[in-house]
There are 2 protein chains.
Amino acid sequence: MKLRRSERMVVISNYLINNPYQLTSLNTFATQYEAAKSSISEDIAIIKKAFEEAGIGLIDTLTGASGGVIFTPSIHLDEAKTIIEELRDRLSESDRILPGGYIYLSDLLSTPHILKNVGRIIANQFKDQKIDAVMTVATKGVPLANAVANVLNVPFVIVRRDLKITEGSTVSVNYVSGSSDRIEKMFLSKRSLQPNSRVLIVDDFLKGGGTISGMISLLKEFESELAGVAVFAENAQEQRERPFTYTSLLKVDSIDVANNQVQVEIGNIFD
Amino acid sequence: MKLRRSERMVVISNYLINNPYQLTSLNTFATQYEAAKSSISEDIAIIKKAFEEAGIGLIDTLTGASGGVIFTPSIHLDEAKTIIEELRDRLSESDRILPGGYIYLSDLLSTPHILKNVGRIIANQFKDQKIDAVMTVATKGVPLANAVANVLNVPFVIVRRDLKITEGSTVSVNYVSGSSDRIEKMFLSKRSLQPNSRVLIVDDFLKGGGTISGMISLLKEFESELAGVAVFAENAQEQRERPFTYTSLLKVDSIDVANNQVQVEIGNIFD
């Protein structure tokens, strides 16, 4: 496909955006768009400048025989702050309070543009680390894990609280369920995670931390390593000594069911 | 932010790719990038040509006071066919067979680049219809619904097979579970779907069709309308008279557990 320079830049930008963290040789583009490697190199220089100025991400060029370009998505601090402030305001809406002192989150975590932005913010925190997979627990964490995995361009693995025949052989661990203080089981399909993986754990809401501790003990069963923990929101009321460090986007300070008020502030992400 | 034309085109392309099905006025771009509206208009013409030639999608320009540009993602037939053929080959791998005649799919539906492509293919089938939401059932359908919703830029709603306190008030219906022929219940949070929505139902695997029929009856409870049904794979062995039409990407013809063989062909998507 032969394209004019301006068109070629649009198409190469689209490719890089959809293939983050993936090394692509300039020859691949040169062949595909019937252009000289030097022209592609100039295109990349312009795209790199535009991506950096607009806070889309970084483009690194590796020289040599096995060289090429690699796109690392990022986000400007200002943009991340604005997004999280808006989410704080949305989460503070009084009609989110559910009986029992829970907060309704599902609408936020099922809206593509919110998920994409949250995915960008969390992935950005871990962009300098080697991450092989994103792990979460079914069901509420799945869209969040999916969003982060999209940006990091790695698979996500879903831990389940029940056994499903369609998962094949599984490994299970016991964990203390925060909501009930009971011992429960969680399961992960044996084939879903390679040994020696570095894993980022994400979840929608951190209360007691039992679920995340459970996932960390699952990692050991898979001879894998924890790269980090990130949550959409944490409950400050249940602040206990937690056996892991984590990044939170939002912090719920109090839920006053009687007066229908929720106090939400920015989490520890910018600390 | 003032950018050179070539950089501006890269940044506007990125914006359109991340904001599909959304009308944006040329003035928004003109203000943001400190350029004349006529220059933006020329940029858009180049982006439009590049997007069409590369099969990224269509850009429509609406004139008038409330005008602007709107990007509709699409996919070339050839590209869609190649992707589905690759998936057919992956699904035919003999080590996917699980005891009981099930197939392990989770790895495919948790890999970002596969999910993105499947999302593009399904969304493309429904791109000329008004879709307000994508619906699926927990847990396995969630990444697929998320991927399709990302491309259509609409929220997705997750029907559950169990009651969760964090969902608030729910509506439930009975359905016939395909795997057991038992009557079971499925639940949807009252706030998750607006009345009068046109809904696209997606799921990972279609066997008897009981789950999808259940979701269709849920739509009635929410005074909403079915826009279509799309599944990643269908089981041809369980072909019954189904009370709905659907699009399938793949069709599993037979699973021979004894000889460790799976027969998979392309679904009805190109019929």
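What you are looking at is a predicted structure, and each value in this text was computed from that prediction instead of being measured. Per chain, numbering begins at 1; letters A, B, ... match sequence-line order.
Within the 3.5 Å criterion, the main-chain N or O of A:F156 finds a donor-acceptor partner in the side chain of B:S110.
Proximity to chain A (any heavy atom under 4.5 Å) is shown, for B:R191, by both the backbone and the side chain. Proximity to chain A is limited to the side chain of B:I56, based on heavy atoms less than 4.5 angstrom apart. Both the backbone and the side chain of B:E167 come within contact range of chain A, each with at least one heavy atom under 4.5 Å from a heavy atom of that chain. Heavy atoms of B:N18 lying under 4.5 Å from chain A belong to its backbone as well as its side chain. Contact of A:L109 with chain B is made through the backbone alone, with heavy-atom distances under 4.5 Å. At a 4.5 Å heavy-atom cutoff, the contact between A:L115 and chain B is made by side-chain atoms alone. For A:S169, no part lies under 4.5 angstrom from a heavy atom of chain B. Looking at A:L108, neither its backbone nor its side chain comes within 4.5 Å of chain B, counting heavy atoms on both sides. Contacts of B:D107 with chain A are absent, with no heavy-atom separation under 4.5 Å from either backbone or side chain. Contacts of A:V151 with chain B are absent, with no heavy-atom separation under 4.5 Å from either backbone or side chain. Contacts between B:I12 and chain A at a heavy-atom distance below 4.5 Å are absent for every atom of the residue. Using a 4.5 Å cut-off between heavy atoms, A:I114 makes no contact with chain B at all.
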- [ ] Show the numbers, then the answer: is there a side chain to side chain contact (heavy atoms under 4.5 Å, CB included) between A:E53 and B:K2?
- [x] CA-CA 10 Å; A:E53 285 178 11; B:K2 197 156 174 65; over 6 Å; no
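The distance from atom NZ of A:K164 to atom OH of B:Y102, rounded to the nearest 0.5 Å, is 8.5 Å. In this structure, the separation between NZ on A:K116 and CG on B:N153 is 6.0 Å, given to the nearest 0.5 Å. One distance of note links CD1 of A:I46 with CG of B:L3; it measures 12.0 Å at 0.5 Å rounding. Separating the CD1 atom in A:I17 from the CD1 atom in B:I17 is a distance of 4.5 Å, to the nearest 0.5 Å.
The residue among A:S13, A:S6, A:G168, A:A138 with the most heavy atom pairs within less than 4.5 Å of chain B is A:S6. Contacts with chain A were tallied for B:S106, B:P143, B:A145; B:P143 has the most, counting heavy-atom pairs under 4.5 Å.
Using a 4.5 Å cut-off on side-chain heavy atoms (C-beta onward), A:T139 and B:V142 make contact.
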